[in-house]
Amino acid sequence: MKKIITLSFIISLVSQSLIAQTDTLWHKGGMFGANFNQTSLTNWAPGGESSVAFASLLNLFAHYKKNHIEWDNSLDLGYGFIKQGEQGIRKNEDKIDFLSKLGYKTSEEKKFFYTGLFNFKSQFDYGYNYPTDSTKTLLSKFLAPAYIMLALGVDYKPNDHLSFFVSPVTAKITIVNDQELADQGSFGVDKAEYDVNGVKTKDGDKVRYEIGAYLNAKFQKDVLTNVNLLTKLELFSNYVENPMNIDVNWEVLISMKINKLMVASISTQLVYDDNIDIQKYESKNGYLVPVTNPNGSKVGGPRTQFKEVLSIGFAYKF
């Protein structure tokens, strides 16, 4: 684990060093955005609850190009929270996504690159499920989970707006750096083993390794005046285990510039991973409780995950 984190820092430091030394070979920039929403109710006859919400995002990119070599780097960060009524602060957005692609162009005329890819995904903060107002169950935290993709393949770039990366040799590493979550078998790792008396005989694994095929497609362009569309699609198939159960991660971001400092945006993310079980809940006596089998085991399974965020707020490009 320490080696993986150290490698990530080295890549970042090398990137910054190269940018500083060879500015003319780099195209770099980014955007920071933030929005805030607050509602206060006092003796409000129709009812409702006071609330405070905040969301922020940071997108950075650095593209290096010289002769037949191109190196594309991007970092997407996001974090948001909401506080409603007497409830504590709860996060509603949390994202770390770093992508680096190093490619060698086959010839000046062609648009194909022999490419190596590194991708890291995780989140900053603890994530919980709240079955009741006074209880919570840990679902995630930093490096639990984290996903690393290491791939070798071919990148096709017909223009500056579109790219298709295909790899027949991809390593997918899932990290669950929390023993409680690992023991539960969260995010596809092998769960803990227990004897007939309920005593743990083997810890759950904190790392899961997969080998398979991978596709990464990206399109970004101003589709209308002051309207930018960014969409990314990732597909992964495990050669060894259930190759037809393809992991899907599809993201869409539409941003509309209002003026120099104001932007409205809508983003969606659709995720399907056969290795992630989503716990089912039902309402009983006004509370959400886990659905269980007759033997007491919880009911869950892989399901399509979907997230949508609509925001209007401050944005600054650099």
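What you are looking at is a predicted structure, and each value in this text was computed from that prediction instead of being measured.
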Check this for me: does any side-chain nitrogen of one of [X] and [Y] sit under 4.0 Å from a carboxylate oxygen of the other?
X	Y	answer
D273	K172	yes
K191	D183	no
K95	E93	no
D205	R208	no
K232	D76	yes
K101	E70	no

Where [X] and [Y] come nearest, the two heavy atoms and their spacing:
X	Y	value
G85	E49	CA-OE2, 3.8 Å
Y272	I246	CD2-O, 3.8 Å
G313	N35	CA-CB, 3.8 Å
T115	G103	OG1-CA, 3.7 Å
V263	A315	CG2-CB, 3.5 Å
A182	K206	CB-CG, 4.1 Å

Residue among S186, P145, S122 satisfying side-chain contact (heavy atoms from CB on, under 4.5 Å) with S140
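Among S186, P145, S122, the one meeting side-chain contact (heavy atoms from CB on, under 4.5 Å) with S140 is P145.
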
Would K91 and F81 count as a cation-pi pair here, with the cationic atom under 6.0 angstrom from the ring centre and within 45° of the axis?
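Relative to the ring axis of F81, which defines the angle, K91 lies outside at least one limit.
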
Cation over ring face, R90 and Y128, 6.0 Å, 45°:
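No - R90 does not lie over the ring of Y128 by the 6.0 Å and 45° rule.
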
Are [X] and [Y] connected, step by step, through hydrophobic side chains (Ile, Leu, Val, Met, Phe, Trp, Tyr) whose heavy atoms are closer than 4.5 Å?
X	Y	result
L233	V223	yes
L143	L75	yes
L99	Y114	no
L77	L253	no
M262	F32	no

Decide if atom [atom1] of [X] counts as having more than 12 heavy atoms of other residues, nucleotides or ligands within a radius under 6.0 Å.
X	atom1	result
Q38	CD	yes
I312	CD1	no
K307	NZ	yes
K221	NZ	no
D160	CG	no

Working to the nearest 0.5 Å, report the span between [atom1] of [X] and [atom2] of [Y].
X	Y	atom1	atom2	answer
N119	F98	CG	CZ	9.0 Å
L41	S50	CG	OG	4.5 Å
Q184	D178	CD	CG	8.5 Å
L230	I254	CG	CD1	10.0 Å
K28	F318	NZ	CZ	11.5 Å
Q123	K141	CD	NZ	10.5 Å

When the ring centroid of F112 is compared with that of Y156, is the distance short of 6.0 Å?
yes

Please collect all ring pair (Phe, Tyr, Trp, His ring centres under 6.0 Å) contacts where either partner lies in residues 216-266, sequence neighbours excluded, each pair once.
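Residue pairs with at least one partner in residues 216-266: there are none.
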
Side-chain heavy atoms of [X] within contact of [Y], under 4.5 Å:
X	Y	value
F165	Y214	yes
Y194	V199	no
S107	K105	no
Y126	L138	yes
T174	I148	no
I266	V309	no
E234	K121	yes
M149	N216	no

Answer yes or no: is there a donor N or O on one side and an acceptor on the other, between the side chain of [X] and the main chain of [Y], under 3.5 Å?
X	Y	value
D195	G198	yes
N238	V240	yes
T231	E251	yes
S237	P243	yes
H68	Y104	no
S56	A34	no
D222	T225	no
E308	Q269	no

Contacts satisfying side chain to side chain donor-acceptor pair (under 3.5 Å) that involve residues 309-318 (not counting sequence neighbours) are S265-S311

Where do F306 and V271 land on the side chain to side chain contact (heavy atoms under 4.5 Å, CB included) test, with the steps shown first?
CA-CA 6 Å; F306 185 77; V271 175; over 6 Å; no

Between [Y] and [X], do the side chains contain a donor N or O and an acceptor N or O under 3.5 Å apart?
X	Y	result
Y79	D125	yes
D247	N275	no
T137	N129	no

Starting from the C-alpha separation in whole Å, work towards a yes-or-no answer on side chain to side chain contact (heavy atoms under 4.5 Å, CB included) for W26 and Y64.
CA-CA 5 Å; W26 288 86; Y64 174 87; 3.4 Å; yes

Assess whether side chain to side chain contact (heavy atoms under 4.5 Å, CB included) is satisfied between N242 and D274, documenting all intermediate values.
CA-CA 9 Å; N242 299 322; D274 192 57; 4.0 Å; yes

Show the numbers, then the answer: is there a side chain to side chain contact (heavy atoms under 4.5 Å, CB included) between K218 and Q220?
CA-CA 7 Å; K218 178 181 178 180; Q220 184 172 18; 4.1 Å; yes

F61: what forms a ring pair (Phe, Tyr, Trp, His ring centres under 6.0 Å) with it, not counting sequence neighbours?
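F61 satisfies ring pair (Phe, Tyr, Trp, His ring centres under 6.0 Å) with H27, H63 once adjacent residues are dropped.
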
